[in-house]
Chemist: 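Below you will find the structure I want to go over with you.
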Amino acid sequence: MKAKLEEIRLEALHALEGLDELDKLEEFRLKYLGKKGALTQVLRGMGGLPAEERPIVGQIANEVRNQLESELEQKTKDLKEAALTRRLEAEKIDVTVPGERPGLGRLHPVTTVLNELKDIFLGMGFDVAEGPEIEYDYYNFEALNLPKNHPARDTQDTFYIDNTILLRTHTSPVQIRTMEKQKPPIKIICPGRVYRSDEVDATHSPIFHQIEGLVVDKGITMGDLKGVLDVFAKAVFGPETKTKLRPHHFPFTEPSAEVDVSCAICKGAGCRVCSYTGWIEILGAGMVHPRVLEYVNIDPNEYSGFAFGMGLDRIVNIKYGIDDIRLLFENDIRFLKQF
Amino acid sequence: MLVPLEWAKDYTNINTSTKELAKKMTMTGSKVEEIIELGQDIQKVLVGKIETIKAHPDADKLVICIVDIGTEKIQIVTGAPNVKEGQLIPVAVHGAKLPGGISIKRGKLRGVESHGMLCSGEELGLTEADYEGAQVDGILVLNEEYPLGMDIKEALQLAGEVIDFEITANRPDCLSIIGLAREMAITLGTSFKMPQVKLDKGYGNIKDQLKVRVDNKELCPRYTARLVEDVKIEPSPLWMRRRLSAAGIRPINNIVDITNYVMLELGQPMHAFDYEKIEGGTIVVRNAKPGETIVSLDDKDRALTEDMLVIADLNKPIAIAGVMGGANSEITENTKTIVFESAVFDGGSVRLTSKALGLRSESSSRFEKGLDINMTDLALDRAVQLVQELGAGKLVEGHIDELARPIERKSFCVKTSRINDLLGLDLPVSQIVDILTRVGLDIEDLGQEIKVTVPTYRNDIEGMADLAEEVARIYGYDKIPMTLMETSVAKGTRTQKDRLLERIKNTLTGMGYYEALTYSFTSPNIYKTIGYTDPKDYPKSIKIANPLGEDNSMMRTTIIPSILEVLSRNYNRRLDRCRVFEINPVFIPKEIPLKELPEEILTLAIGAYGKDYSFFTLKGLIEELVERLRLEDRISYIQDKHPSMHPGRCAKLLLDDRAVGFIGELHPKVADNYGISDRVYLGELDLDLLLRETNIEIKYKALPRYPAVTRDLALVIKKEITAGQVLDKIKSAGGKILEEVSLFDIYEGKQVADGYKSLAYSLTYRASDRTLKDQEVNQVHSKIVAALESDLGARLR
Ligand SMILES: [Zn+2]
């Protein structure tokens with residue numbers, strides 16, 4: 001019996017070693033370990049053994065079974081592993097083939113930059129205010145210290161609907177509307193579309209976008225205006241950016257300034273973008289004219305404020321190096337895709 | 001304002017380089033646009049003298065000149081017909097440059113060496129107005145003595161620097177040489193002096209010959225005049241012509257040039273009338289009479305209206321006050337006696353008149369900003385001084401001065417601490433007083449306050465803020481320290497609308513749509529283009545009174561045409577698929593003409609074309625959006641007609657029972673108008689309404705704890721019954737335990753009778769508090785089937 005068991009063991013191990021297909025393993029199991037397998041056959045013959053030998057033979061038989069089972073298990077594992085490896089090898093792909101894209105859209109660059117500016121000013125505590133694009137002359141001009149026949153009205157070529165209603169030439173009327181409704185402290189930005197009757201060319205569009213800021217409170221100074229603009233310019237054009245205020249005139253601010261930022265492209269050395277000056281004019285600003293405050297019943301002896309305004313499209317063009325404002329309104333997908 | 005620097009130097013010292021001056025002037029408020037260097041394009045052209053002229057051996061039309069240019073004598077071959085021995089002429093020597101990028105080199109002309117070129121006036125860029133004889137056929141013959149070898153730019157005063165300043169509307173005083181010279185002196189801290197005028201005594205008395213009556217003193221607060229006789233009209237001297245040209249004004253004749261010269265120098269527009277054309281020797285300043293006309297100096301017939309101020313004689317207007325003179329009293333070669341006018345007219349009136357006539361002039365652009373009432377008499381005297389200097393005529397003694405009311409200087413008191421407070425500075429009173437004095441204000445220190453008296457040329461200064469600006473610009477904007485205010489509004493917040501808009505835009509771009517921004521203008525013909533057939537159906541629209549052309553004359557009431565243009569543009573550029581949206585207001589008037597501001601409705605327009613796109617792609621997008629706004633339970637879609645859309649493929653969207661927009665496939669005829677032969681899908685939604693109704697409150701709903709039961713339902717039903725009707729029926733019959741209904745198949749064809757369609761649904765049942773029993777589900781399911789059969793004539797498949 002013992003010899004028989006040993007024979008089975010050797011034969012089975014040999015057979016197992018030669019197997020290289022997963023499907024054949026079951027066959028092997030049935031042949032040696034199954035109910036009708038070789039090992040079972042031997043055990044069945046155990047009845048003919050003397051009683052004292054039975055446990056010994058039984059033990060050997062169990063050893064053989066255990067060994068075969070564990071070898072079979074190992075073999076199964078190996079073959080599975082090998083099969084998986086083969087499959088994975090066969091499934092190799094060319095990862096340089098282009099992907100299948102669901103196709104994302106894009107925000108318009110004006111929106112993208114506006115969002116960026118909003119974030120900057122929201123971070124400094126400004127709220128966002130809006131107003132109508134078709135506006136009363138009163139809000140667009142008169143309350144901003146631009147009475148009828150004021151020569152400075154010429155600098156804002158205006159589209160009129162009739163004598164009292166026009167297309168707003170700036171977002172400043174939103175300042176007036178806000179100050180009418182709200183007492184200081186006021187700290188708002190007003191983004192929006194504005195209209196000027198300029199013929200279209202590379203730098204002019206009869207419709208463009210502005211963003212204005214207004215702060216009114218006790219003790220607001222021109223130093224504060226400089227500080228806020230500096231934070232803004234550094235956030236938009238980079239931490240190295242310098243700002244420069246030059247005296248200017250706007251009827252609704254006094255003192256007034258035009259504001260330049262150092263050219264981000266040449267770092268102030270002079271290049272084509274900045275017309276070799278090292279500076280780029282980006283906005284107008286100033287301290288709110290006392291008469292404007294009086295118009296909205298805010299006492300200029302108690303409160304002061306500053307305001308600033310800039311062309312959003314111009315900021316977009318400077319930021320991305322776009323040389324023609326018309327591109328912003330053409331909406332060529334090949335253009336929009338770039339932002 | 002163009003300022004020739006040597007002119008400004010008559011009145012101030014410039015102790016720094018032009019570049020530095022420009023920088024400093026910009027920083028004190030007179031922005032320099034450009035520094036122009038005159039004569040840059042003329043190099044190495046010298047004064048020479050023709051010594052001898054010999055015939056050319058091989059050419060009849062050429063001669064050989066020996067020319068003395070001081071340092072040497074050179075041989076030059078020329079074809080000029082007017083050369084004579086002894087002439088002084090401009091010689092372009094070897095290496096010379098002439099206007100137009102021409103360079104001159106030595107060479108041979110028909111075999112004879114020539115070491116340069118004799119120049120014509122034209123070749124030097126000169127006209128007859130610049131130099132007499134500049135436009136003759138041949139070389140320019142100099143009619144004055146100059147040292148031989150002198151640079152021609154020096155001889156003819158062609159060189160020099162001109163600064164172009166941008167002058168803001170509040171500083172009309174700077175529309176003059178003296179105004180800017182004064183600013184230079186203030187900026188550099190140098191001295192400034194006004195022109196010193198001394199007149200030679202005239203004869204006679206102006207009052208015997210000229211009467212002036214100002215009828216409208218409101219519009220003409222001051223009118224001054226002088227009379228000059230024995231006038232000799234001729235070109236003005238070179239220096240005057242050069243100064244005028246450099247400042248951008250074309251020289252004409254001595255009298256006209258003098259009026260322009262004074263205007264540029266002092267900022268006071270002047271006019272000269274031919275005295276003999278003034279009927280009755282009387283000037284009347286009055287409003288135009290009904291029906292009056294005048295031919296202005298530019299030879300145009302101008303119809304005048306009663307609100308326009310004119311200068312008239314006893315019978316007719318002879319000038320439009322402050323705007324332009326009349327041809328009927330113009331200075332001509334035969335003029336013998338002239339009246340110089342120097343007046344102040346109301347700025348608003350001049351502005352209105354010049355706008356109404358479409359006529360702007362150097363004069364009107366100065367008057368409309370408001371002029372110094374103290375300048376008229378100085379200007380008048382300066383003009384006469386120039387007449388005397390030029391020997392252009394004889395002064396009649398005396399002058400007319402019609403002054404409406406005594407001249408007063410504005411005066412007010414201000415606390416200097418308020419100036420500091422506004423600027424964020426802490427300057428001592430003395431420094432503030434110094435600066436204000438430097439800019440020309442009279443300051444009286446009253447201890448707590450200062451009393452400021454403003455010169456008449458600075459009428460823009462009215463109060464504390466104006467003084468603060470004066471202090472800041474002289475002290476230096478760049479020296480004001482940067483600070484950040486501590487206002488009590490600490491944190492900025494986005495509005496709900498703003499946040500929702502961002503959500504919508506992100507959803508749309510995430511699903512492949514590009515944001516477009518287009519003009520809010522459109523053409524009145526647009527409704528026809530987008531499929532409206534009857535003008536009675538056109539939406540009421542707002543017209544712009546002064547548009548940039550008809551195509552941009554109307555405010556849009558829909559974004560659809562703009563979206564179509566974007567699609568069309570991209571289609572033409574061979575893009576095979578395009579998905580775009582725009583969010584902007586449309587303008588809806590309550591009535592035309594407007595009695596109040598129109599409604600501005602924030603509108604979302606979506607457009608798409610391309611492979612695999614269908615009505616249901618667009619509808620799916622809208623469904624996603626609506627869900628994003630948490631409005632999915634309140635939106636319904638009903639079959640609709642729209643002039644722009646495919647008659648069978650258009651849905652109106654309802655929010656509860658309010659119309660909120662439409663979606664659909666574009667009518668092929670309209671697509672054709674935009675040159676698109678693909679199917680186009682469009683939608684337009686009232687975002688204001690959607691955003692107002694949006695439910696932003698999010699409440700978590702517990703996930704189901706009990707299992708669902710699913711039953712399929714396949715129906716055959718009449719074709720005209722809509723999926724929406726079926727859905728409503730299923731939902732109302734299904735009651736509470738019906739959780740979800742999804743339509744997974746629609747079929748028409750072989751196995752279904754004509755006029756019928758098959759619909760297959762999957763119904764999900766679930767209760768939140770128990771596991772449903774089959775029996776319970778069966779009961780409800782049968783109820784649904786029964787309702788579909790009896791109410792909609794459906795039949796189970
Ligand atoms: Zn640069």
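Below, chain A is the first sequence line, B the second, and so on; all start at residue 1. Since we're looking at a predicted model, the values are computed, not measured.
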Chemist: Please find the pair of heavy atoms, one from A:Phe306 and one from B:Met485, that lie closest to each other, and give the distance.
Modeler: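 Heavy atoms of A:Phe306 and B:Met485 come nearest at CE2-SD, 3.9 Å.
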Chemist: Show the atom names and distances, to 0.1 Å, of all donor-acceptor pairs under 3.5 Å that link a side chain in residues 585-602 of chain B to residues at least two apart or in another chain.
Modeler:
| residue | atom | partner | partner atom | Å |
| --- | --- | --- | --- | --- |
| B:Glu600 | OE1 | A:Glu133 | N | 2.9 |
| B:Glu600 | OE2 | A:Glu133 | N | 2.8 |
| B:Glu600 | OE2 | A:Ile134 | N | 2.7 |

Chemist: Within the 4.5 Å heavy-atom criterion, are B:Thr493 and A:Asp127 side-chain neighbours or not?
Modeler: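 In contact.
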Chemist: Closest approach of B:Ser520 and A:Arg193, non-hydrogen atoms and distance?
Modeler: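 What the structure gives for the nearest pair is OG-NH1, 2.7 Å.
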Chemist: Looking only at non-hydrogen atoms, find the nearest pair between B:Tyr477 and A:Ser256 and report the distance.
Modeler: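 Looks like OH-O, 2.7 Å.
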Chemist: If we only count heavy atoms from C-beta on, is the B:Met482 to A:Val228 side-chain gap below 4.5 Å?
Modeler: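 B:Met482 vs A:Val228: side chains apart.
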Chemist: For a salt bridge (Lys or Arg N to Asp or Glu O under 4.0 Å) check, start with the C-alpha distance between A:Lys244 and B:Asp478, then their side-chain angles and the critical distance, and finish with the verdict.
Modeler: CA-CA 7 Å; A:Lys244 182 172 78 179; B:Asp478 50 342; over 6 Å; no
Chemist: With a 4.5 Å cut-off on side-chain heavy atoms, are A:Leu167 and B:Phe521 touching?
Modeler: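 Contact flag for B:Phe521/A:Leu167 side chains = yes.
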Chemist: Identify which part of A:Tyr136 has an atom lying under 4.5 Å from any heavy atom of chain B, answering side chain, backbone, both or neither.
Modeler: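 Both parts, heavy atoms under 4.5 Å.
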Chemist: So do the side chains of A:Ile161 and B:Lys543 get within less than 4.5 Å of each other, counting heavy atoms only?
Modeler: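 A side-chain contact under 4.5 Å is absent here.
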Chemist: Looking at B:Glu515 and A:Leu107, would you say the former's side chain and the latter's main chain have a donor-acceptor pair under 3.5 Å?
Modeler: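 No; zero donor-acceptor contacts below 3.5 Å.
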Chemist: Can you find a pair of side-chain heavy atoms, one from A:Pro255 and one from B:Arg473, that are under 4.5 Å apart?
Modeler: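 Sidechains of B:Arg473 and A:Pro255: no contact.
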Chemist: Look at A:Thr253, A:Asn115, A:Asn301 and state which one has the largest set of heavy-atom pairs under 4.5 Å with chain B.
Modeler: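 Of A:Thr253, A:Asn115, A:Asn301, A:Asn301 has the most heavy-atom pairs under 4.5 Å with chain B.
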Chemist: Please report the shortest heavy-atom distance between A:Gly227 and B:Leu484, naming the atom on each side.
Modeler: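 Reported closest heavy-atom pair: C-CD2, 3.6 Å.
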Chemist: Treating B:Asn546 as the side-chain partner and A:Tyr160 as the backbone partner, does any N or O pair qualify as donor plus acceptor under 3.5 Å?
Modeler: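 Present.
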Chemist: Quick one: which of A:Asn331, A:Val200, A:Thr221, A:Asp162 has the most heavy-atom pairs under 4.5 Å with chain B, could you say?
Modeler: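 Among the listed options, the one with the most contacts to chain B is A:Asn331.
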Chemist: Quick check for you: among A:Asp230, A:Val128, A:Ile188, which has the greatest number of heavy-atom pairs under 4.5 Å with chain B?
Modeler: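 Heavy-atom pairs under 4.5 Å are most numerous for A:Asp230.
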Chemist: Do A:Tyr195 and B:Ile544 have side-chain heavy atoms sitting under 4.5 Å apart?
Modeler: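 In short, these two side chains do not touch, never coming nearer than 4.5 Å.
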Chemist: Quick one: does B:Arg579's side chain get under 4.5 Å of A:Ile333's, heavy atoms only?
Modeler: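 SC-SC contact between B:Arg579 and A:Ile333 ruled out.
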Chemist: Tell me which donor-acceptor pairs under 3.5 Å the side chains of residues 287-294 of chain A have, and how far apart each pair is, sequence neighbours excluded?
Modeler:
| residue | atom | partner | partner atom | Å |
| --- | --- | --- | --- | --- |
| A:His289 | ND1 | A:Arg291 | N | 3.1 |
| A:Arg291 | NH1 | A:Asn145 | OD1 | 2.9 |
| A:Arg291 | NH2 | B:Glu462 | OE1 | 2.3 |

Chemist: Would you check if the side chain of B:Arg569 reaches a backbone N or O of A:Glu330 as a donor-acceptor pair within less than 3.5 Å?
Modeler: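 Here the side-chain-to-backbone pair exists.
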Chemist: Side chains of B:Asp421 and A:Ser304, heavy atoms from C-beta outward: is any pair under 4.5 Å?
Modeler: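 No - every pair of side-chain heavy atoms lies 4.5 Å or more apart.
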